[in-house]
Structure formats: structure tokens, C-alpha cells
Protein chains: 2
Amino acid sequence: MSKKNVQDKLLIFALGGIGEIGKNMYVIQYDNDIVIVDAGLKFPEEDMLGIDIVIPDISYLKENREKVRGIVITHGHEDHIGGLSYMLRSLNVPVYATKLTLGLIEGKLKEAGLLGETKRILINADSEIELGSINVSFFKTNHSIPDSVGVCLETPEGIVVHTGDFKFDHTPVNEQYADIKRMAEIGQKGVLALLSDSTNAERPGYTPSEKNVGEELKDIFRKSPQRVVVATFASNVHRIQQVINAAIATDRYIAVVGRSMVNVVGIAGDLGYLNIPDGMIVEPEAVNKLAADRVVILCTGSQGEPMSALTRMARSTHRKVDILPGDTVIIAATPIPGNERYVGRTVDELFRLGANVIYGPGSVSGVHVSGHGSQEELKLMLNLIKPKYFIPIHGEYRMLRQHALLAEAVGIEKSNIFVMENGDTVEVQGGKARRGSKVPAGNVLIDGLGVGDVGNIVLRDRKLLSQDGILVVVVTLRKQEGTIVSGPDIISRGFVYVRESEGLLDEANKIVSATLLKLMNDKVNEWASLKTNVKDALGRFLYEKTRRRPMILPIIMEV
Amino acid sequence: MSKKNVQDKLLIFALGGIGEIGKNMYVIQYDNDIVIVDAGLKFPEEDMLGIDIVIPDISYLKENREKVRGIVITHGHEDHIGGLSYMLRSLNVPVYATKLTLGLIEGKLKEAGLLGETKRILINADSEIELGSINVSFFKTNHSIPDSVGVCLETPEGIVVHTGDFKFDHTPVNEQYADIKRMAEIGQKGVLALLSDSTNAERPGYTPSEKNVGEELKDIFRKSPQRVVVATFASNVHRIQQVINAAIATDRYIAVVGRSMVNVVGIAGDLGYLNIPDGMIVEPEAVNKLAADRVVILCTGSQGEPMSALTRMARSTHRKVDILPGDTVIIAATPIPGNERYVGRTVDELFRLGANVIYGPGSVSGVHVSGHGSQEELKLMLNLIKPKYFIPIHGEYRMLRQHALLAEAVGIEKSNIFVMENGDTVEVQGGKARRGSKVPAGNVLIDGLGVGDVGNIVLRDRKLLSQDGILVVVVTLRKQEGTIVSGPDIISRGFVYVRESEGLLDEANKIVSATLLKLMNDKVNEWASLKTNVKDALGRFLYEKTRRRPMILPIIMEV
């Protein structure tokens with residue numbers, strides 16, 4: 001996209017977060033001014049073998065680096081801040097965030113060695129900042145982490161509102177009310193475009209209040225004759241506060257277990273987002289010395305993640321905490337799609353250890369509510385902001401479509417709703433919006449220390465290797481004489497039990513020999529032909545015998 | 001287990017189906033008489049890389065082959081009949097099943113070339129058969145496939161009842177009422193032990209009637225201006241009948257698409273389980289010639305399976321059927337845990353093609369109900385059969401536990417409830433039951449043509465390969481001289497893009513050379529030492545540089 005194309009136009013697009021849950025990154029550009037909203041990560045999909053995390057492709061931003069005025073962060077969840085350190089490595093721009101969000105970000109920047117060189121600006125819901133020609137202000141929202149905000153971006157073409165993640169909780173924990181009044185005022189001014197959270201657009205009705213969970217927790221704590229173990233999302237500071245409140249009400253101590261839980265409780269406590277009585281927190285090692293009915297263990301692992309605290313406890317491999325028969329374990333979270341089996345297995349193991357487990361969808365267990373608004377709340381947001389144009393964000397395609405239907409239902413014109421993909425742009429000029437040309441967008445895969453060095457070919461190979469393994473065939477030839485000097489030796493991994501398949505591999509050996517001898521006899525001596533023929537002959541033979549297609553790697557040498 | 005131990009005792013155990021959903025196989029043994037109930041398969045779990053299906057380990061049955069009197073099949077679902085041909089290959093025993101079940105089994109036996117040599121006995125709900133000292137009778141149940149039965153096994157130690165899969169549907173399709181009267185009569189006689197389906201033991205209340213789905217389908221068909229595509233389980237013959245009924249009511253033709261759907265519609269139609277008006281079924285190729293509002297496409301793919309008909313249509317890669325904008329697609333099934341993402345992706349693609357998609361949990365979409373009874377129905381079964389001992393079956397551990405709680409709630413003594421694992425036995429002697437010694441039980445993995453030739457080592461290798469790929473290091477030495485004649489050559493697959501990582505691989509090369517030269521210089525010449533040292537040095541280097549641990553395969557040769 002040349003400079004000319006964007007002059008005097010407003011551009012709105014996503015580099016991540018549309019058509020997916022994760023790696024949120026939205027871009028608002030007016031003329032030569034770019035403001036970024038959020039920089040998240042995504043956890044790999046099941047076909048991204050060996051990948052640790054996924055971040056957005058930011059080549060558009062790098063190409064336009066001199067225009068980027070800043071990045072505004074809506075809240076401190078990984079899918080909104082987890083990509084920040086990767087981005088900042090190649091694009092050093094000022095970061096604007098509220099107190100808790102900034103606290104969590106600073107922890108990450110420290111780990112990445114980027115704290116010193118990053119300009120960090122603390123904002124609150126009343127802040128107003130000028131980022132070039134774009135005036136940015138904020139409004140409070142309810143979400144499953146404190147200090148979440150929506151963003152109001154006033155551009156010369158009009159106001160763009162980005163909701164961040166939100167629900168409407170009329171009885172919030174920690175007094176963090178959504179600022180409905182300010183939302184209505186923004187709507188009153190006239191809004192050009194709304195970008196709104198679609199996570200729960202498929203869900204009818206209202207999302208229940210976080211307070212409901214608190215009551216249920218107290219009730220369970222009270223009835224539990226022994227220790228209570230609560231697993232929840234580390235970032236859900238409201239939930240953690242309610243666990244603390246329930247522990248106070250039932251005269252229990254709390255041990256905090258699991259790296260990210262310890263981290264968040266530390267940061268949120270230091271910044272004043274948690275109200276913890278002195279002496280209430282004890283070391284995990286200390287719980288065995290306390291009476292069982294005086295103990296709460298607050299831990300990670302609500303998604304059944306293999307290395308998490310609760311999973312280790314369930315497998316009796318945790319260094320410090322054992323689950324004892326009669327303990328009550330509360331899984332205060334709903335499995336994220338894809339994690340159902342992991343959570344199920346953890347629950348099974350806990351039951352096997354004799355624990356009483358409270359789990360399942362929040363509507364049944366009562367110990368979880370979503371942080372995202374359901375259909376009626378999404379309509380309320382649409383009616384408060386009253387935008388001319390609507391862009392559903394933060395959701396898989398079907399959720400965006402359902403959100404679009406809700407927008408139609410409240411009266412937004414169908415032609416003014418843009419259901420997009422990452423990289424699709426909306427261009428606004430003279431108050432009229434239309435689809436613009438695409439900008440580059442995609443997944444950057446992170447595997448260990450490698451950023452982007454694993455792509456489709458590597459993933460395809462991993463997939464092949466994972467299905468039927470590999471056979472390495474080593475053979476040394478004397479091509480001139482047309483003889484085999486040593487080998488063929490066949491080494492297999494992930495294919496079959498070698499001991500049980502000796503006969504098969506002996507036959508395979510003979511086929512390789514015969515193939516090579518015939519080729520040399522026919523004066524076919526090019527390495528490429530020899531290799532291809534060995535691969536083909538051996539592949540055919542193995543498929544016929546086993547119906548498997550292992551990767552075959554012929555290593556043919558000459559003396 | 002020696003012959004002596006089992007004399008005059010009743011043994012009850014599962015070789016599959018307890019602690020899992022899948023590969024159901026239950027064994028009732030009295031003295032020298034063994035009756036098997038069901039022989040199912042299970043689909044592989046996500047850590048069983050490259051595995052096609054999983055069947056029970058039947059070594060106990062093979063060791064006691066002369067005692068096996070027959071196998072009784074409760075209904076025609078894969079998790080109850082899918083392991084049968086594998087079992088029959090090593091254990092030729094008579095198979096007893098009702099008409100539709102036997103029809104489906106015969107299709108499988110034909111494919112496996114076992115039809116001729118297998119004794120098949122058609123039964124109905126009124127049959128009584130003598131299998132040695134065990135008298136076997138049946139009772140009708142409601143389930144998501146016609147002709148399902150529960151089994152009543154009268155042994156000299158008392159009556160054992162196996163429910164099969166069931167719900168209580170008071171308005172069933174095809175008039176297949178559950179025979180509540182007979183269940184009550186069996187209960188009246190006095191039942192020693194009940195084995196009952198735990199699939200929905202976590203779900204409160206009642207499972208709705210299949211008839212509800214029919215009404216909803218008619219309604220959707222009526223409102224759809226264009227073609228209607230319905231994806232559901234091929235085996236759900238009741239559901240298929242309701243699709244046919246809705247098509248009749250709205251004057252539409254039906255095209256059947258997808259191998260297993262064509263297969264089941266064929267068998268069920270031939271055996272009289274489907275009522276299809278003449279001329280209603282058209283070839284898939286014909287639908288393009290019909291008016292869009294006269295067409296229904298009935299297909300497989302309700303689980304988002306990658307190769308299924310609906311998935312291909314959603315990706316526009318189906319040979320015969322395209323989804324057109326404005327078509328209505330009904331996914332009349334709930335995703336099985338683990339399939340949520342696949343189904344989600346299919347729905348996304350269908351929306352992208354402009355279809356109107358009706359999907360989601362049955363309670364929201366109205367187009368699916370479960371085939372398994374919920375908590376109130378499980379209690380009803382317990383109260384009808386009134387067993388002395390209770391063994392929850394057919395479910396993961398947590399479901400068995402919930403079912404046990406329900407049994408306690410209706411008054412079964414806690415000490416009379418056996419929550420077991422596959423291979424655990426219950427021994428009954430003189431009317432008293434207790435846990436007996438274990439019998440061998442486990443997973444037999446099927447990969448292509450291989451039955452059981454892939455085990456833990458192969459799976460572990462596949463897992464390793466899938467995460468970080470493999471490096472093959474080839475080097476030829478002249479050990480006596482302590483020199484490297486050729487190489488090291490490093491070939492990698494699934495590790496990194498070679499082009500972007502030349503520097504890394506060059507360095508790796510040098511490390512291998514240095515390691516080998518030093519070892520030879522120190523007169524360390526054993527192959528094992530050379531290989532181990534190369535692996536360790538290279539592994540350390542690569543982990544430090546990339547934080548990855550590829551499999552390393554050193555191939556060191558001598559001239």
C-alpha cells in the first residue's frame with residue numbers, strides 16, 4: 001500500500017483476532033498516523049505440531065514504522081498482551097495501559113529484557129491522549145480481569161470505538177462498574193464505527209454476574225469437611241478475590257500454587273487489586289501442618305494443562321501438594337474448546353484419588369461465569385454506541401456472523417456491517433466506508449527461541465513423521481562397478497516395533513538392494529534418480545504390507 | 001487365573017468400556033461358561049499419533065477360548081460392534097444380534113472376509129438362548145439406533161442385567177418403545193447385579209424425546225427457501241426417518257451423500273427400518289437439475305471429520321455437491337468431546353460460503369437429542385431392576401462416579417457398588433460379591449494393517465518427531481588414523497527451514513566434527529560411545545540455540 005493510497009483516509013483493520021480467538025491486534029490509521037490496539041498471542045491449533053505460541057504477522061507495521069504513534073492495551077489477558085514483547089523487539093513504540101495491565105506487561109518486558117528501552121505510559125479511564133491526528137480516550141468495562149477498558153478513537157473522519165473484551169455486570173466484584181453513562185455519551189456524539197467483542201455472540205440471554213460465583217464458593221467452602229482446592233485462571237483477579245473472601249468467611253488459610261498464579265497474585269496484590277488479610281497466605285509446604293478444614297489451595301490448571309499445578313496434583317506428581325481422599329476440588333472455569341478431554345482426564349484422576357470434584361459448565365457447577373457478554377449485552381452495547389458502521393471482532397467466523405445478525409436485529413443496515421478476515425481493510429473517506437485492499441496478515445509461529453523459522457514445510461514434515469514415523473536407508477555404492485559396498489541398513493523410528501517386524505525390514509532391505517543394482521546395471525547413476533527410485537520402491541512395498549506411509553530418507557554414498 | 005479359581009464362581013468384568021467411551025466389551029463367566037457382551041472399537045486419543053482405531057486386548061478370552069459360548073451384541077454402534085471382526089479372526093464364536101444389528105455386522109464381516117465362517121444367530125427381544133449354564137434373554141430399549149436391547153443373563157449365582165445403551169423415550173420414532181414392563185418383571189424376580197450405561201450420568205433431568213427433533217426439522221425445512229443439507233450420524237436411523245418425514249411434509253427429494261450414510265440407508269432400508277416413498281431418493285448428481293426448494297441432502301460429517309461429506313462440501317472440494325449461498329445446513333448432532341474445533345471450523349466455512357447454518361448444542365439448536373438417558377432415567381432403570389449389586393459401565397471414570405452417587409441416592413448400599421477399571425473383576429460366590437483378581441486388559445492399537453505392532457516406544461518416537469523433528473547426522477571415519485573421511489552431513493526434517501538456518505547447521509557440523517576428532521584422539525573408539533557423545537553434544541548445542549530437542553540419529557561409518 002503506497003503512501004498516496006492512504007492519504008486522507010481512515011483505515012480500520014485487524015492483524016489478528018478476527019476469525020479466531022487469540023492474537024488480537026487491531027489497527028486504526030488516519031493518514032500518516034497509526035494507532036495499534038492490543039498485541040496478543042494465540043495458543044497453537046492442533047495441526048501446529050511442536051509450536052509453542054502464535055503471534056500476528058506485523059510486516060505492515062514494520063513497513064510503516066515511522067507512522068506508528070503508539071499501542072493502546074485494553075486489558076492484561078495473554079490474547080491481548082502476549083505478543084507485545086515480540087512486537088516491541090522490532091518496533092519500539094510507546095505502550096499505553098491501565099495500572100494492572102501495565103503491571104502485567106512490565107513483568108513480561110522484564111523477562112524479555114525490554115523494560116528499560118520501552119516507553120510505558122500509565123493511563124486510567126479518564127485519560128485522553130493525542131496520537132498524531134487521533135485523539136484517544138477510554139471507558140471502563142466489566143471483564144474477567146480488573147482495569148479493562150474500551151477505547152474511543154476520535155479521528156478526523158469520525159469516532160471509532162473498540163470495546164475491548166466486555167460484559168455488563170451490574171454487581172461486579174471490586175466495584176469495577178462498566179461506565180454505561182460514558183458509553184451513552186460517546187454514542188450521543190455520533191460514532192462512525194464500532195468494533196465489538198463477539199466471543200459469546202452465539203449465546204442467548206445475559207452472562208451471569210461474577211458475584212454469583214462468590215456465593216457458590218462460600219457455600220462449598222462451608223460444606224467441605226477437609227481441604228478445598230480451587231483451580232481457576234490466574235488472571236481472573238476478581239475470582240481470586242472471591243476465593244479469598246470465601247476463605248475469610250470460613251476461617252481458612254490459602255496456599256498459592258503454580259507459577260502464573262503466584263505471579264499474578266504477587267503483582268495484583270502489590271498494586272492493590274487484591275485485599276488479602278495479613279498472615280492469610282501460607283507457603284504450600286505449610287499446609288500439611290494445618291488442620292485440613294483450615295486450608296484452601298489456590299492453583300493453576302483449570303484447563304487440564306499437562307504441566308500445570310492441578311494436573312500434577314491429580315497425577316500425584318506435584319512436589320509439594322498431594323490430594324487426599326475427602327478433599328474438595330473446585331474447577332472454577334469452563335474448558336476452552338479443545339481442552340475438554342484434558343479437563344475430563346484431570347477430573348477422572350481426582351475422583352480416583354478420592355476427591356470430591358466440582359466441575360462442568362458454569363451453568364451446572366455454579367463456580368464459573370464467562371467474562372464476555374452474551375447476546376443481550378452485545379445488543380445493549382450496540383444500542384449505547386449507536387454506530388453507523390459495525391465490525392464484529394474477537395471471534396471465530398461463525399461468532400462474527402452471529403454478532404452481525406444481532407447488529408441487524410437492532411437496526412444497523414446490513415450493508416454497513418463488515419464481517420472481515422484478518423488483513424481485510426475498511427476504508428473511510430468523506431464519511432463513507434467501503435472495503436479497501438488487503439494488507440499482509442497471518443500467523444507467525446514461535447517454536448522455542450525461533451520466531452517464524454517454522455513454516456508450512458516444517459509443519460508438514462512433523463505431521464508426516466507423527467503419523468507413520470521415518471525410515472532412514474543407508475547404503476554405500478561403488479557406482480563404476482555397479483556394486484553395493486555396504487548396507488542397505490535400515491533404521492526406523494516411529495514406524496513399527498523392530499523386534500516384531502524383522503521379516504518386514506529384511507524384505508525391505510532386499511528391495512532396496514535389488515532396486516539399486518538394477519539401476520546401476522541400467523547405467524542410471526544420478527544421485528537424484530537413485531534416491532527417488534529407492535524411495536518409490538520402498539514406499540510402495542511398505543504401503544502394501546502395512547498400509548502406512550513413513551517418511552523415507554535414503555542416504556546413498558559412494559566410496 | 002487358573003481353572004480352579006473360577007470354579008463355581010460368577011465373574012463379571014470389562015475388557016473395554018469402563019473408564020472410557022468406546023471399545024465396549026463385557027464378560028460374564030460362570031464356571032466354564034463365558035458369555036461376551038459387545039465387541040466395540042474406540043477412536044484414538046490425541047496422543048495416539050498415527051493410530052487408526054483401538055480395540056480391546058482379548059488375551060483373557062484367547063487363553064480361555066474353549067469356554068467362550070458366544071457373543072451377544074446389544075446394538076449396532078461402532079463402539080459396540082467395531083471390534084468384532086478383529087476378535088473373530090482369533091476367536092471364532094457364535095454371534096447373537098437383533099435384525100438391524102446383525103445386518104450392520106454382516107456388512108463388516110463381508111468386508112473382512114469372515115462372513116462365511118462366522119455363525120450368526122438372529123434374535124429378537126423375545127428370544128431366549130442357553131449359553132452353557134447361562135440363560136440369556138433380552139428387553140427392548142430406546143437408543144439412537146433401532147433394535148437396541150438390554151441383556152438379562154441368568155446364572156446359577158443369580159441374574160445379571162446389562163442395559164446396553166439406553167434412554168427412556170415415551171414418544172419414540174418407529175414405535176420402538178422401551179419394554180418397561182419386562183424390566184420391572186426382571187426386577188421383580190430379584191437381580192444380583194446391574195451393569196448400566198453411564199454416558200449421561202453427569203446430566204441432570206431427562207433426555208428429551210427424539211420426536212422433538214422431528215418437529216424442529218419440519219419447521220426448518222418449511223422455512224428454508226433453498227436447499228436443505230442435513231448432517232447427522234449415519235447410524236441414527238430414527239433421525240434419518242425424521243429427515244425423510246420432514247422431506248415428505250415439504251415436498252422435497254433426498255440425495256444421500258457420504259459412504260457410511262449410503263451404507264446405512266441401504267441396509268436399514270432393505271431390512272424395513274426406513275419408510276421411504278418410491279422415487280424420493282435421487283442421485284447426488286441430480287440435485288442440480290431440481291428446483292432448490294425441492295432438495296434435501298442427507299450426509300455424513302456432523303463431527304467435522306476431515307474426510308467426510310459435509311467437510312468436503314464446506315471446503316468446496318466435494319466432487320458432486322456444492323453449497324450455494326442461501327442454502328440451509330443443519331448439523332443435527334452435538335460434537336463429541338475433542339471434535340468441537342473441527343465442527344466449529346466446518347460451521348465457519350459454511351458461513352463463509354453464504355449458507356445459513358443451524359448448529360450448536362441440541363438444547364439450543366433443537367435439532368439433536370442424546371441417545372443416552374440422563375440422571376432421572378438412570379434412577380428409573382435402577383428402580384426398575386432393583387439390583388443387589390451395581391456396576392456402572394460405559395463411561396469415563398467421572399461418569400461412573402456420578403452414576404455410583406445416583407445409585408446411592410436410590411438406596412443401593414455403598415459397599416455394593418463397584419466402580420471399576422477395565423480388567424478389574426467382581427467375583428460372586430454364595431450370593432456375595434467382592435473384588436477378585438485382575439485379568440489382562442488394555443488397548444490394542446491398529447495402524448493400517450498392523451494390529452498391535454505399534455506400542456509405547458513407537459508412539460513416544462512419533463510424539464518426539466512431531467514436536468521438533470529429526471536430524472540425521474552421517475559421517476564416515478577412519479578410526480585407526482583418527483580422521484573424518486566424509487561428512488558430517490546433517491539432514492533435517494521437521495526441525496527448521498534449512499534455508500534460513502544455514503548458519504546454525506554449519507555450526508552444528510563443526511560441533512560434530514570436533515566431538516568425533518577429540519574422542520578418536522582420546523582413543524575412544526566404541527561405536528556406542530561415539531554415537532552417544534555426538535547425540536549429547538549436538539543436542540545440547542541445538543537446545544541452547546533453539547530451545548528445541550529434535551530427535552538425533554547419528555549414522556557413523558568406517559571405511
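Note on naming: letters A, B, ... go to the chains in the order of the sequence lines (proteins, then strands), and numbering restarts at 1 for each one. All values below come from the heavy atoms of this structure, side chains included, with hydrogens, waters and symmetry mates left out.
Here CD of B:E340 is found 12.5 Å from CD1 of A:I336. Values are rounded to the nearest 0.5 Å. Atoms CG and OG, on B:L459 and A:S466 in that order, are 11.0 Å from each other to the nearest 0.5 Å. In this structure, CG on A:L400 lies 8.0 Å from CG on B:D348, to the nearest 0.5 angstrom.
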Exercise for the section: Take A:I470 and B:M551 through the test side-chain contact (heavy atoms from CB on, under 4.5 Å) and record every step on the way to the result. Expected result: CA-CA 11 Å; A:I470 186 169; B:M551 187 182 281; 5.7 Å; no
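The part of A:I555 that comes within reach of chain B is its side chain, from C-beta onward, which places non-hydrogen atoms under 4.5 angstrom from that chain. Heavy atoms of A:K463 lying under 4.5 Å from chain B are absent altogether. Residue contact with chain B, scored on non-hydrogen atoms closer than 4.5 Å, involves the backbone and the side chain of A:Q467 alike. Only the side chain of A:E202 has a heavy atom closer than 4.5 Å to any heavy atom of chain B. Looking at A:R401, the atoms closer than 4.5 Å to chain B (heavy atoms on both sides) all sit in the side chain, from C-beta outward. Looking at A:E20, there are no atoms closer than 4.5 Å to chain B (heavy atoms on both sides), in backbone or side chain. With a 4.5 angstrom heavy-atom cutoff, A:L553 touches chain B only via side-chain atoms. Using a 4.5 Å cut-off between heavy atoms, A:E421 touches chain B through its side chain atoms alone.
Counting heavy atoms from C-beta outward, B:E396 and A:F351 have side chains that stay 4.5 Å or more apart.
The most heavy-atom pairs under 4.5 Å with chain B, out of A:L350, A:T546, A:I51, A:N339, come from A:T546. For the set B:L465, B:L49, B:V474, the count of heavy-atom pairs under 4.5 angstrom toward chain A peaks at B:L465. Per-residue heavy-atom pair counts under 4.5 Å with chain B were compared for A:R548, A:R493, A:R460, A:M557, and the maximum is reached by A:R548. Chain B forms more heavy-atom pairs under 4.5 Å with one residue of A:D52, A:D447, A:V347 than with any other, namely A:D447.
Around NZ of A:K479, the count of heavy atoms belonging to other residues, nucleotides or ligands within 6.0 Å exceeds 12. Crowding of B:I457 atom CD1: a count of heavy atoms from other residues, nucleotides or ligands under 6.0 Å not exceeding 12. Shown here is A:L449, whose CG atom has more than 12 heavy atoms of other residues, nucleotides or ligands within 6.0 Å. Within a 6.0 Å sphere centred on CZ of B:F418, other residues, nucleotides and ligands contribute more than 12 heavy atoms.
Across all their heavy atoms, B:G448 and A:R547 have their closest contact at CA-CB, 3.7 Å. Listed here is the closest heavy atom pair of A:V472 and B:V472: CG2-CG2, 4.0 Å. Summarising the geometry of A:R462 relative to B:F495, their closest heavy-atom pair is NH2-O, 3.4 Å, with the distance given to 0.1 Å.
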For residues 484-491 of chain B, which side-chain N or O atoms pair as donor and acceptor with protein atoms under 3.5 Å away, sequence neighbours left out?
unit_1: B:S486; atom_1: OG; unit_2: B:T476; atom_2: OG1; d: 3.2

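Using a 4.0 Å cut-off between charged side-chain N and carboxylate O, B:R341 and A:E45 make no salt bridge.
Between the A:R398 side chain and the B:G344 main chain, a donor and an acceptor come within less than 3.5 Å of each other.
Among residues 352-365 of chain A, the residues having any heavy atom closer than 4.5 Å to a heavy atom of chain B are, in sequence order, A:R352, A:Y359.
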